[in-house]
Amino acid sequence: MIKDRYDLVVVGAGPAGSSTAKTAAKAGFDVLLIEKRQEIGDPVRCAEGAGKKGIKRHVKPDPRWISAEVKGSRIFAPDGTKLEISEERSGAEVGYVLERKIFDRVLAEQAADAGAEVMVKTPATGLITKNGQVVGIRGRSLGEAVEIKAGLVVGADGVESLVGRWAGINTTLAPSEIETCAQFLLKGVRNDDHSEFYLSNRLAPGGYAWVFPKGDGMANVGIGVLGSRSEGGMPIELLSRFVNDKFPSAKVVEVIVGGVPVCGPIERTIADGLMLVGDAARQSDPLTGGGILNALDVGVIAGEVAAGSLEEGDVSREALGEYEKRWREKIGVSLERSLVVKERLVQLSDEDLNTLAHSIKDRNISKMGLFGMVSLLFKTNPKLLWSFRKLFKSKG
Amino acid sequence: MTVCVNRYRCGYCGACVGVCPNAAIELVETWVSVNDKACDDCSACVSICPIGALEVRGE
Ligand SMILES: Cc1cc2nc3c(=O)[nH]c(=O)nc-3n(C[C@H](O)[C@H](O)[C@H](O)COP(=O)(O)OP(=O)(O)OC[C@H]3O[C@@H](n4cnc5c(N)ncnc54)[C@H](O)[C@@H]3O)c2cc1C
């Protein structure tokens, strides 16, 4: 039964929330993980690609939630020029294509195994505060109003996060800070275990189209459009067009829509008695839109800092500064870097994108990581990518 | 003016909630609810919707 007080209440059972809850419960604290949906992980709002190493840091690979393993990636310029990256390196970006309906629930099960209480169909609807400090949440559980006190609250409530805003942290995304996406799960796609990315202002203004293989002739095929360049319904229309062109005989067996924060690190992710984690803290990568691994990694940090602060009996904003510091050390630089690259890429015309692809297509890029490729592009096209210079100076 | 949600079209993804500058939208499981009192008709939610389920309508 739900109690009226816990050491830690975590709002949202996505990767960020489950990882936080598991870590704090393992450390011996009384943790409640609440999820507004009745089924964790469903509906999916993800293309389900994640690096193998990153996943293995958190959970033992299990065929139940691995749909496919990819051998490499291909990036296509607007004119069709192909850049190919082999698996060992691109594995950092894509490696597994997951089945998140199962993956997310397994993560929640792990939190439960560690001792956390899990409640589904239980949305938080507000915060309880005392002298400006968050001391619990208000919500509904199976339709009944509940008030739950907490030593500390974590908002892991995803792109639609309100927890931070209730505590006075402005997490509003400007239209230019979100990719608005539509995706079909297709049956009848011939693929050879490569993930594909299509850059083009015509196909996906300020974003890209992707094909991620899921095995058995299935694939996640989607499109992300920069919010400031979209209008209502544009992603699903562009996606239908892309799929009609490229996979005319494939069948749509699932429709997925969603938004990914691409704003880069926000100013503040803590308040007295509160921390934000994952998409709620806008910790997804601004260039790729990937957020699963950051959510898992930062969740561990949040769980550890929660345990430490609860142990010390100090959950003030100052004490939680430890969380702010540690997550920025872990992923701050890569978020900033991706932001610089994304901000320039979204300004480029299709002609510019073609020029970039031509400039490196005959170079030996197959073993390069994403950032190696960015570095080579900068060296080859300094004028076009002048804003990248800040990524490479001050080292020598 | 009010923001109207076409519930037959909505994919309840929450993108609209993320961009609302007034925190006037909430995603209650499969139900996007708009607080008309907090909404200032900026229509950020309308343009961001990936599936075209929102529109601003006059009285
Ligand atoms: C189309 C698309 C494709 C993507 N592709 C990839 C990809 O290939 N690889 C990758 O790494 N990332 C991808 N992402 C991003 C990735 O899905 C997110 O970064 C990731 O899910 C973030 O995890 P999270 O735990 O922070 O949030 P979520 O997974 O969004 O979890 C938040 C949870 O909180 C719950 N919640 C919200 N409000 C409340 C409340 N008030 N009370 C209780 N519960 C609440 C929600 O129901 C949800 O279950 C993609 C995103 C989209 C939209």
Side-chain angles (χ1 to χ4, degrees), chain A residues 35-39 42-46 120-126 140 157-162 164-166 170-183 222-239 255-261 263 279-280 282, chain B:
Chain A
E35 168 55 53
K36 71 179 166 190
R37 301 172 175 183
Q38 61 190 21
E39 289 168 55
D42 190 37
V44 171
R45 298 187 300 216
C46 190
V120 292
K121 218 166 168 65
T122 305
T125 56
R140 269 188 312 270
D157 48 340
V159 68
E160 80 259 37
S161 178
L162 291 176
R165 297 212 234 175
W166 293 331
N170 184 7
T171 56
T172 309
L173 294 162
S176 60
E177 296 176 332
I178 183 171
E179 290 281 333
T180 168
C181 311
Q183 175 178 284
I223 267 177
V225 178
L226 191 65
S228 50
R229 294 172 63 184
S230 193
E231 50 189 66
M234 189 197 269
I236 194 106
E237 276 164 38
L238 290 176
L239 175 62
V255 177
I256 283 154
V257 282
V260 198
C263 56
D279 276 15
R282 311 320 190 195
Chain B
M1 307 276 277
T2 48
V3 171
C4 298
V5 184
N6 181 341
R7 301 193 189 286
Y8 301 106
R9 190 182 273 263
C10 175
Y12 31 93
C13 70
C16 53
V17 183
V19 297
C20 176
N22 302 310
I25 313 181
E26 203 173 327
L27 171 62
V28 189
E29 265 194 84
T30 57
W31 183 269
V32 169
S33 109
V34 183
N35 174 352
D36 288 335
K37 285 195 200 98
C39 170
D40 67 5
D41 301 324
C42 76
S43 79
C45 56
V46 175
S47 350
I48 208 72
C49 178
I51 203 164
L54 302 179
E55 61 175 326
V56 173
R57 261 198 225 141
E59 301 300 322

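In what follows, chains carry the letters A, B, and so on, assigned in the order in which the sequence lines appear, proteins first and then strands, with residues in each chain numbered from 1.
At a 4.5 Å heavy-atom cutoff, A:Pro261 makes no contact with chain B through either its backbone or its side chain.
B:Glu55 CD: more than 12 foreign heavy atoms inside a 6.0 Å radius.
Closest non-hydrogen pair, A:Thr171 versus A:Arg282, comes out as O-NH2, 2.9 Å. Between B:Arg9 and B:Gly52, the shortest heavy-atom distance links the atoms CD-O, 3.1 Å. Contact between A:Val225 and A:Ile223 at its shortest, heavy atoms only, is CG2-CG2, 3.9 Å.
Using non-hydrogen atoms only and a strict 4.5 Å limit, the part of residues 10-20 of chain B facing chain A consists of B:Gly11, B:Tyr12, B:Cys13, B:Gly14, B:Ala15, B:Val17, B:Gly18, B:Val19, B:Cys20. Residues from residues 39-51 of chain B that place a non-hydrogen atom less than 4.5 Å from a non-hydrogen atom of chain A comprise B:Val46, B:Ser47, B:Ile48, B:Cys49, B:Pro50, B:Ile51, given in numerical order.
Distance alone, capped at 3.5 Å, is enough to place a donor-acceptor pair between the A:Thr122 side chain and the A:Val120 backbone. A donor-acceptor distance shorter than 3.5 angstrom exists from the side chain of B:Arg7 to the backbone of B:Val32, with no hydrogens or angles considered. The backbone N or O of A:Asp157 lies less than 3.5 Å from no partner atom in the side chain of A:Asp279, so there is not a single donor-acceptor pair. Counting only distance, with no hydrogens or angles, the side chain of B:Asn22 and the backbone of B:Ala24 share no donor-acceptor pair below 3.5 Å. Judged by distance alone, with hydrogens and angles left aside, the side-chain atoms of B:Arg57 form no donor-acceptor pair with the main-chain N or O of B:Val3 at under 3.5 Å.
Contact check on A:Lys121 versus A:Glu35 returns no salt bridge, with no Lys/Arg side-chain nitrogen under 4.0 Å from an Asp/Glu carboxylate oxygen.
Across A:Glu160, A:Arg37, A:Arg140, A:Glu237, the residue that shares the most heavy-atom pairs under 4.5 angstrom with chain B is A:Glu160.
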